Student: 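One structure follows; several queries about it will come next.
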Amino acid sequence: MMILPRRFYDRPTVEVARDLLGKVVVHGGVAGRIVETEAYLGLEDGAAHASRGLTARTKVIFGAPGHAYVYFIYGMYHCLNLVAEAEGSPGCVLIRALEPILGMEKMQQRRGVERLEALTSGPGKLTVAMGIDLNLNGADVTQGDFTVRRDGFLLDFPIAEGPRIGIRKAADWPLRFWLRGNRFVSKG
DNA sequence: GGTAGGATGGGCT
DNA sequence: GCCCATCCTACCC
């Protein structure tokens, strides 16, 4: 599988969010195919962390594309984003759900559940299953043992789009993308 | 089938 | 002090 090059991410965030569907996140011996994403934009997007401006937390989002933005939420979960847009221009894509394709036993150990549909069907679940935490914040996903790749298979479900989940501001913006009918999507 | 409530801690006003 | 880009359990149709 070919690692996605940095230029893949150096585009408008919405395009990157849509095109990440079907790509494969690899971390060590564990991998999953992306089936659901959300785009988070810049200053104009009240739901985006970057709308607060450049801070210690958001500096990764303003940095070079092709890096991971990982943050801690609700006191116990982590969420994985991939940074898009040129350096200096904020934008990132939240990975909301994966279809497990490699290392399912490891995922089951980390999650403490058996059902495949329960392993990675949500942003907090998939970071546990993949072993992703703050240590990977800022990591370059175009090289090393934490990467995103394309596998050459065609998408087997149509792409759907709709409002993002779990936010209050800009709640009606259609920036969520998913593979309609895929059983690993978090909702719908 | 559905949902209300609680766990739990960092970021920012 | 308030707000979260969440998840699981208990409980109720």
Side-chain angles (χ1 to χ4, degrees), chain A residues 9 12-21 23 25 27 32 34-63 65 67-85 89-100 107-139 141 148 160-179 181-188:
Chain A
Y9 303 94
T13 305
V14 170
E15 285 183 27
V16 176
R18 195 185 296 109
D19 290 349
L20 278 170
L21 293 174
K23 304 304 188 292
V25 178
H27 182 220
I34 299 171
V35 299
E36 181 181 355
T37 63
E38 285 177 356
Y40 285 86
L41 311 179
L43 299 177
E44 74 279 19
D45 180 3
H49 293 172
S51 70
R52 307 283 178 181
L54 183 60
T55 67
R57 182 204 209 189
T58 63
K59 67 179 181 185
V60 175
I61 312 173
F62 285 81
H67 292 256
Y69 167 53
V70 181
Y71 67 91
F72 186 61
I73 188 73
Y74 295 119
M76 54 182 111
Y77 296 107
H78 299 277
C79 289
L80 168 65
N81 296 254
L82 300 171
V83 176
E85 311 257 354
S89 178
C92 62
V93 177
L94 172 67
I95 307 302
R96 280 198 59 90
L98 301 172
E99 175 173 346
M107 294 188 190
Q108 287 165 328
Q109 280 179 7
R110 287 170 169 161
R111 288 274 296 126
V113 295
E114 294 284 315
R115 279 181 67 245
L116 293 187
E117 291 87 346
L119 293 180
T120 53
S121 54
K125 300 180 197 178
L126 71 88
T127 51
V128 172
M130 299 283 302
I132 292 168
D133 60 22
L134 289 178
N135 289 318
L136 291 174
N137 186 38
V141 296
V148 183
E161 64 177 72
R164 293 173 293 185
I165 290 176
I167 58 170
R168 302 176 62 109
K169 296 166 188 163
D172 55 340
W173 294 16
L175 296 180
R176 174 177 172 242
F177 303 91
W178 69 97
L179 298 184
N182 185 283
R183 59 200 252 250
F184 298 96
V185 168
S186 71
K187 288 181 186 169

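None of these values were measured; they are calculated from a predicted model. Reckoned from all heavy atoms, side chains included, excluding hydrogens, waters and symmetry mates. Proteins come first, then strands; the chains are lettered A, B, ... in the order of their sequence lines, and each starts at number 1.
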Student: Take the protein atom CD of A/E36 and the nucleotide atom P of C/dA5, then report the distance between them rounded to whole Å.
Tutor: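 A/E36 atom CD is separated from C/dA5 atom P by 16 Å.
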Student: Do A/V93 and A/Y9 pass the side-chain contact (heavy atoms from CB on, under 4.5 Å) test, and can you show the C-alpha distance, the side-chain angles, and the key distance before you say yes or no?
Tutor: CA-CA 10 Å; A/V93 177; A/Y9 303 94; over 6 Å; no
Student: Does the structure show a Watson-Crick or G-U wobble partner for C/dA5, both distances under 3.5 Å? Name it, or say none.
Tutor: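 Paired with no nucleotide.
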Student: A/R52 near the nucleic acid: base, sugar-phosphate alone, or nothing, with a heavy-atom cut-off under 4.0 Å?
Tutor: nothing
Student: Under 3.5 Å, is there an N or O donor on one side and an acceptor on the other linking the side chain of A/Y74 and the base of B/dA7?
Tutor: no
Student: Does B/dT8 have a Watson-Crick or wobble mate here (both distances under 3.5 Å), and if so which one?
Tutor: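 None - no nucleotide pairs with B/dT8, as no candidate has both distances under 3.5 Å.
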Student: NA contact type, A/G124, heavy-atom cut-off 4.0 Å: base, sugar-phosphate, or nothing?
Tutor: sugar-phosphate
Student: Grab the CZ-P distance between A/R57 and B/dT13 for me, whole Å please.
Tutor: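 Interatomic distance, CZ of A/R57 to P of B/dT13: 11 Å.
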Student: Tell me: CD of A/E114 to C1' of C/dC8, nearest whole Å?
Tutor: 17 Å
Student: Output the rounded distance in Å from CD1 (A/I73) to P (B/dT8).
Tutor: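 Computing the A/I73:CD1 to B/dT8:P distance gives 16 Å.
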Student: How long is the line joining CG of A/L126 and C1' of C/dT6, in whole Å?
Tutor: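 Going from CG in A/L126 over to C1' in C/dT6 covers 11 Å.
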Student: Between A/E38 and A/I165, is there a donor-acceptor pair closer than 3.5 Å when you use the side chain of the first and the backbone of the second?
Tutor: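 Yes; judged by distance alone, with no hydrogens or angles, the pair exists.
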Student: Check whether any side-chain N or O of A/T55 sits under 4.0 Å from OP1 or OP2 of B/dC12, and answer yes or no.
Tutor: yes
Student: Base, sugar-phosphate alone, or nothing: which one does A/R164 contact when heavy atoms must sit under 4.0 Å apart?
Tutor: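 Result for A/R164 = nothing.
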